[in-house]
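Report on the following structure.
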Amino acid sequence: MKFSIIVPVYNRSEEINEFLNSLKNQTDKDFEVIIMEGTCVDTCKSVVENYSNSLNIKYFEENTGRSTRRNHGMAYASGDYFLLFDSDCIIPPHYISVVRDSLSKNYLDCFGGPDNADDTFSTLQLAINYSMTSIMTTGGIRGGRKKMKNFMPRAFNMGFSKEVFEKTNGYREMIGEDVDLSMRIKEAGFSVGLISNAYVFHKRRISLNGFFKQVNTFGKARILLSSLHPGSFKIMHLLPSCFFLGNVFLLLLSIIFCNALFLLPLLIYVLLIFCESLIKNKNINIALLSIVTSYFQLFGYGIGYLDEFFTRRASKKNAESLYRQ
């Protein structure tokens with residue numbers, strides 16, 4: 001089995017340097033790397049060239065969308081199994097070895113792995129990692145749970161065979177493109193699963209504003225995904241919006257009746273987040289910031305979902321894009 005690693009990048013030369021350095025340190029070096037960069041100012045071409053002697057690496061630049069670049073990268077690849085990452089990931093040294101061993105014992109046409117936090121991450125990055133992986137906030141849907149019946153691989157840590165790519169035509173230019181592809185792979189009858197030990201260190205957004213915008217887009221994408229894949233809707237998709245509306249409702253009750261007891265459920269939830277993060281990260285500052293990032297995560301997703309539910313603005317825009325494809 002020959003692996004081809006495909007990474008889209010845009011104005012992220014510093015990130016791609018960390019990413020490639022982590023690939024250089026893999027214990028299993030039997031793979032090729034294909035960097036697909038969008039036309040930008042902060043080009044990473046010179047960074048990629050620095051690794052030409054230590055990695056089997058190819059670089060392409062084109063003025064296309066992220067999904068299109070991923071697809072073109074797979075078309076250029078010589079491997080028979082593709083590994084997809086985001087440029088803000090750091091790959092643990094054992095990753096390729098773990099995936100190869102797992103697929104040789106229990107082959108999957110498509111797999112996904114969890115995201116984790118590295119010791120070098122900032123306090124904010126560790127808090128964001130908590131809010132995106134905790135059962136308290138996302139229910140562990142991003143690979144935190146080892147047994148997940150309906151696990152959906154995400155493009156920051158995802159792999160599938162060349163046959164899958166040829167049958168599905170890869171990613172579509174839309175929001176939620178990785179979940180859309182995972183759904184289409186399942187609908188096509190391919191095997192999909194989680195390799196729990198194939199985790200990556202995902203740095204994510206490094207500002208609260210950027211993080212809010214990202215999860216807000218996730219909320220909007222869920223409406224589009226539900227329309228494209230009837231039957232994919234789950235009650236849990238409503239939870240962030242219910243959480244947002246519940247917070248507003250309890251706050252209004254406490255103001256109208258001048259009674260802080262209405263805020264008690266929120267206080268209990270905040271304490272649970274704090275305690276879980278403290279146990280996990282063993283740092284009070286991270287635990288306190290985890291409360292903030294958890295609210296950003298839930299409010300951002302919930303507001304995005306509600307906005308898209310009532311306006312359909314993103315869905316109309318993506319429908320036009322899909323029609324052109």
Side-chain angles (χ1 to χ4, degrees), residues 5-26 33 35-38 40-44 47-48 50-51 55 66 69-70 83-96 98-99 112-134 137-138 140-144 153-159 176-179 195-218 277 280-283 285-294 296-297 300-301:
I5 296 174
I6 319 296
V7 184
V9 60
Y10 184 79
N11 280 329
R12 301 286 182 92
S13 61
E14 184 175 342
E15 283 184 356
I16 206 67
N17 183 57
E18 289 183 299
F19 172 79
L20 292 176
N21 189 59
S22 68
L23 289 183
K24 187 179 72 171
N25 295 323
Q26 290 296 302
V33 184
I35 303 298
M36 300 298 301
E37 184 165 46
C40 60
V41 176
D42 184 21
T43 177
C44 69
V47 175
V48 172
N50 290 335
Y51 289 88
L55 291 171
R66 180 175 59 184
R69 295 202 306 277
R70 285 194 180 110
L83 304 179
L84 287 299
F85 301 109
D86 283 348
S87 62
D88 58 353
C89 289
I90 297 175
I91 316 303
H94 63 271
Y95 183 95
I96 300 295
V98 165
V99 171
D115 52 345
N116 212 331
D118 186 57
D119 293 336
T120 62
F121 282 16
S122 68
T123 299
L124 177 59
Q125 287 172 330
L126 289 169
I128 289 177
N129 179 76
Y130 165 82
S131 65
M132 289 299 290
T133 58
S134 171
T137 53
T138 63
I141 62 172
R142 303 181 73 85
R154 263 67 170 184
F156 68 85
N157 182 10
M158 180 179 187
E177 74 280 3
D178 48 358
V179 178
I195 300 181
S196 58
N197 291 330
Y199 61 85
V200 299
F201 299 124
H202 198 184
K203 299 183 74 171
R204 302 188 183 282
R205 304 292 176 172
I206 57 175
S207 72
L208 286 173
N209 182 54
F211 178 53
F212 182 88
K213 290 180 179 179
Q214 184 182 48
V215 293
N216 186 262
T217 300
F218 292 165
S277 180
K280 181 178 179 180
N281 295 294
K282 299 178 176 57
N283 185 296
N285 291 331
I286 296 173
L288 289 171
L289 192 54
S290 292
I291 298 172
V292 178
T293 56
S294 294
F296 267 67
Q297 191 269 326
Y301 189 105

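Ile6 contributes atom CD1, which lies 8.0 Å from atom CE of Met36 (distance to the nearest 0.5 angstrom). With values rounded to the nearest 0.5 angstrom, Tyr51 atom OH is found 9.5 Å from Ile16 atom CD1. The distance from the CG atom of Leu23 to the CG atom of Leu55 is 6.0 Å, given to the nearest 0.5 Å. For the atom pair Tyr95 OH and Leu83 CG, the distance stands at 5.5 Å (nearest 0.5 Å). The SG atom of Cys89 sits 11.5 Å away from the CG atom of Asn116 when rounded to the nearest 0.5 Å. We find the CZ-CG distance between Phe85 and Asn157 to be 5.5 Å, quoted to the nearest 0.5 Å.
For the residue pair Thr120/Asp118, the side-chain donor-acceptor check at 3.5 Å is satisfied.
Shown here for Asp42 and Asn11, the closest heavy-atom pair between the two residues is N-OD1, 2.8 Å. Pairing each heavy atom of Val200 with each of Ile91, the nearest pair is CG1-CD1, 3.7 Å. Smallest separation of non-hydrogen atoms from Met132 and Val215: SD-CG1, 4.0 Å. Here the closest heavy-atom approach between residue Pro92 and residue Phe201 is recorded as CG-CE1, 3.8 Å. Listed here is the closest heavy atom pair of Pro8 and Arg69: CB-NH2, 4.0 Å. Contact between Asn129 and Thr133 at its shortest, heavy atoms only, is O-OG1, 2.7 Å.
Under the rule for a salt bridge (charged side-chain N to carboxylate O under 4.0 Å, His left out), the partners of Glu177 that lie at least two apart in sequence or sit in another chain are Arg66, Arg70. For Asn50, there are no side chain to side chain contact (heavy atoms under 4.5 Å, CB included) partners, not counting sequence neighbours. Judged as a side chain to side chain contact (heavy atoms under 4.5 Å, CB included), and not counting sequence neighbours, the contacts of Phe212 are Asn216, Phe296, Ile303. Checked against side chain to side chain contact (heavy atoms under 4.5 Å, CB included), Pro153 has the following partners two or more places apart in sequence or in another chain: Cys110, Phe151, Met158, Ser182, Val192. The side chain to side chain contact (heavy atoms under 4.5 Å, CB included) check on Glu15 picks up Arg12, Ser87, Asp88, with sequence neighbours excluded. In terms of the side-chain hydrogen bond (donor to acceptor under 3.5 Å, both in side chains) criterion, residue partners of Thr43 (sequence neighbours excluded) are, by chain and number, Glu37, Tyr59.
Two residues are said to be in side-chain contact when any heavy atoms from C-beta on lie closer than 4.5 Å; Phe19 and Ile5 meet this criterion. You'll find the side chain of His94 reaches within 4.5 Å of the side chain of Tyr199, heavy atoms only.
Between the side chain of Ser131 and the backbone N or O of Ile128 there is at least one donor-acceptor pair closer than 3.5 Å. Side chain of Ser134 to backbone of Tyr130: no donor-acceptor contact under 3.5 angstrom is found. Side chain of Thr217 to backbone of Lys213: a donor-acceptor contact under 3.5 angstrom is found. Within the 3.5 Å criterion, the main-chain N or O of Asn21 finds a donor-acceptor partner in the side chain of Asn25.
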